[in-house]
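The model shown is predicted, which means the values in this text are computed figures rather than measured ones.
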Amino acid sequence: MLKLNLGCGFRHLDGYVNIDNRQKCSPDMLWDVINGLPYPDNSVDEVMAVDFLEHIPTAFVPAVIHEIWRVLKPGGKFESKTPSTDGRGAFQDFTHKSFWNINSWFYFMDDDHRDLYGIEAKFSGNCKDVVTNPAKKIIHTHCILFAVKP
């Protein structure tokens with residue numbers, strides 16, 4: 001079973017290939033996901049992306065999501081947690097380059113949104129907002145999604 005932990009930072013997960021573009025994090029694979037993923041189509045069972053997507057520049061987001069979808073097997077699991085714009089966490093960190101909330105996922109789940117913008121990647125599943133730090137008013141959008149393929 002092949003599982004990827006994208007943007008692992010110092011949070012390495014057992015049983016996953018921990019991928020990061022920063023050597024100081026000692027990833028299993030030093031790689032910048034903006035350049036794609038070095039795996040064949042339909043070869044990955046699961047992708048984890050915790051506090052990762054918000055560090056991808058907005059212009060690259062569709063391509064990165066497409067790459068995640070491309071490498072996932074049909075029905076493969078994609079779990080994402082991003083600071084939601086419905087809380088302060090999205091904006092408090094100057095390293096964030098894209099901004100997310102539940103509605104952001106319409107572009108990868110809803111056929112009308114996908115068709116309008118020519119997005120091939122398609123996911124099904126559920127997203128919900130979770131208050132992760134009430135004192136700092138930080139909310140994360142937590143999605144558990146599955147790759148839908150023809």
Is the shortest side-chain N to carboxylate O distance from [X] to [Y] below 4.0 Å?
| X | Y | answer |
| --- | --- | --- |
| E120 | K122 | no |
| D41 | R70 | yes |
| D45 | K73 | yes |

Heavy-atom pair with the smallest gap, counting every atom of [X] and [Y]:
| X | Y | answer |
| --- | --- | --- |
| H12 | N18 | CA-OD1, 3.3 Å |
| F78 | L72 | CB-CD1, 3.9 Å |
| E79 | H142 | OE2-NE2, 2.6 Å |

Tracing side-chain links under 4.5 Å among I, L, V, M, F, W and Y, which residues wind up in one group with F99? F91
Using a 4.5 Å cut-off between side-chain heavy atoms of Ile, Leu, Val, Met, Phe, Trp and Tyr, which other residues end up in the same hydrophobic cluster as I144? F146
Minimum side-chain heavy-atom gap [X]-[Y] below 4.5 Å:
| X | Y | value |
| --- | --- | --- |
| P74 | N42 | yes |
| W100 | L53 | yes |
| Y39 | L4 | yes |
| C8 | I19 | no |

Relative to each other, are the rings of H113 and F106 parallel, tilted or perpendicular (30° and 60° limits)? tilted
Mind checking the [atom1]-[atom2] spacing from [X] to [Y]? Nearest 0.5 Å is all I need.
| X | Y | atom1 | atom2 | result |
| --- | --- | --- | --- | --- |
| E46 | K77 | CD | NZ | 5.0 Å |
| L6 | Y16 | CG | OH | 11.0 Å |
| I56 | I65 | CD1 | CD1 | 8.5 Å |
| S26 | F10 | OG | CZ | 7.5 Å |

If you measure SG to SG, does C127 sit under 2.5 Å from C143? yes
Are [X] and [Y] joined in one hydrophobic group, where the rule is that I, L, V, M, F, W and Y side chains link up if heavy atoms are under 4.5 Å apart?
| X | Y | value |
| --- | --- | --- |
| I102 | I139 | no |
| L30 | L13 | no |
| I68 | M48 | no |
| V44 | V50 | no |
| V64 | W31 | yes |

Could you walk me through whether F123 and V148 pass the side chain to side chain contact (heavy atoms under 4.5 Å, CB included) check? CA-CA 5 Å; F123 292 92; V148 176; 5.6 Å; no
Kindly determine whether T82 and D51 satisfy side chain to side chain contact (heavy atoms under 4.5 Å, CB included), including the steps that lead there. CA-CA 5 Å; T82 54; D51 289 320; 6.0 Å; no
Evaluate the criterion side chain to side chain contact (heavy atoms under 4.5 Å, CB included) for residue pair F108 and I119; output intermediate values, then yes/no. CA-CA 7 Å; F108 305 101; I119 295 171; 3.8 Å; yes
Hey, is CG on D111 packed in by over 12 heavy atoms from elsewhere, all under 6.0 Å? yes
Look at atom CZ of R114 and say whether more than 12 heavy atoms of other residues, nucleotides or ligands are closer to it than 6.0 Å. yes
Between N101 and D86, is there a side-chain donor-acceptor contact under 3.5 Å, judged purely by atom types and distance? no
Using a 3.5 Å distance criterion without hydrogens, assess whether the side chain of [X] forms a donor-acceptor pair with backbone atoms of [Y].
| X | Y | result |
| --- | --- | --- |
| E67 | L37 | yes |
| N5 | R11 | yes |
| H96 | P83 | no |
| D20 | P27 | no |

Sequence neighbours left out, what passes side-chain contact (heavy atoms from CB on, under 4.5 Å) with K136? Give chain and number order. N133, I138
Kindly indicate, with the supporting measurements, whether the criterion side chain to side chain contact (heavy atoms under 4.5 Å, CB included) is fulfilled by W105 and T141. CA-CA 10 Å; W105 293 99; T141 298; 4.2 Å; yes
Geometric cation-pi criterion K149 and W69, 6.0 Å radius, 45° cone: yes
